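All remarks here apply to the structure that follows.
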Amino acid sequence: MPDQHLNPDLRINSYGTWLRRRFGCRVSKVNVDGGFTCPNRDGTRGTGGCVYCDNSSFSPGGTLPDKPIEQQMAEGMAYHRTRLGSEKFIVYFQKFTNTYAPEAKLRDLYGRALAHPDVVGISVGTRPDSLTDEALDLLEELARNRYVCIELGLQSMDDAILSRINRGHTLAEYLRAVERIAGRGIDLCTHLIYGFPGETRDGFLRTAGLIATLPVNSVKLHQLHAVKGTRLAEMYYRREFTPLSRDEYVTAACDFLELLPPQIAVQRLYGSAPLAIRVAPTWGLKNNQMWYAIVNELKRRDSWQGCRLDGACSSKVGNL
Ligand code: SF4
């Protein structure tokens, strides 16, 4: 495993390892709700949202979060300090579309997050169609002195799938957004999901090839899962959505990692939902158990992130 980006124990370039190398200490992400809404739900881009979107807390005009972000940050930091010994933090604007607001609101929220002395940066989850020039200019300005990451949802590179899941944007829009982010000193994380109805493993694996050609710094991957109250859950009950088996997901995730360049950090390899709202799949594994199921499969294959790119490993698909 010659590549210096990889954590030798995990065989991947884990984001946690990457953060420790960059900031010299344990860094955790702290989620905050900035009271945003989403153009794919409020009618601007679409209605109803992505079929898997948990809309239980969605309100068309946006919500005022119960707590100021300073309080949300303080609670999140206390949790991570106690549980993990984290010393520094990245404030993650996670809920809905976190650039979908006037520049003044974005400046206020991002600035308040960065004002905390233990915050090293911000991460902003958004959609390819929701990056105005003003928002990008603001993030570029903040990135001159601080770590700034845009987390851009692509989910699938197949336009037919994007349409079927009511994603409300195309691959071309994602590529255009990547082009507009590039060169501004902003890190880019791409969100991907595997397991959409009609998706094949080969189709999913082509995404690794696409990502390898783009200025992407990190990825988040998870299995498609349905939670209560979503249209995907209704599709599951109507037998229009068959969830992946755990083995199929682990196999595909390992194949994907073997095709992913080692310099791209891996932020996430699974998705989870509270038991009370989880519909399918129900693998019965805790968060870390899925992470280690994938790491252990890489070990079993004696392979690692990016090893197929230079022919250093030759594991065959589907060998679980
Ligand atoms: S883009 Fe995100 S917030 Fe908007 S509908 Fe899709 S999953 Fe929900």
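The structure displayed is predicted, hence computed values, not measured ones. Numbering of ligands and ligand atoms starts at 1, following listing order.
Using cut-offs of 30° and 60° on the angle between ring planes, the pair Tyr147 and Phe23 is perpendicular.
Protein nitrogen, oxygen and sulfur atoms, that is N, O or S, within less than 2.8 Å of atom 4 (Fe) of ligand 1 amount to 1.
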Problem set entry | Residues Gln289, Tyr270; criterion side-chain hydrogen bond (donor to acceptor under 3.5 Å, both in side chains); working and verdict | CA-CA 10 Å; Gln289 290 175 313; Tyr270 58 86; over 6 Å; no
Exercise. Going through the distances and angles, do Lys29 and Gln267 end up as a side-chain hydrogen bond (donor to acceptor under 3.5 Å, both in side chains)?
Worked result: CA-CA 11 Å; Lys29 284 171 82 169; Gln267 292 212 33; 2.8 Å; yes
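Counting only heavy atoms of the protein, atom 2 (Fe) of ligand 1 lies nearest to Arg167 NH1, 4.5 Å.
The cationic group of Lys105 lies under 6.0 Å from the six-membered ring centre of Phe36 and within 45° of the ring axis, placing it in a cation-pi geometry.
Counted by atom type alone, Thr200 and Asp202 present zero donor-acceptor pairs between their side chains at under 3.5 Å.
Heavy atoms of other residues, nucleotides or ligands lying less than 6.0 angstrom from CZ of Arg180 number more than 12.
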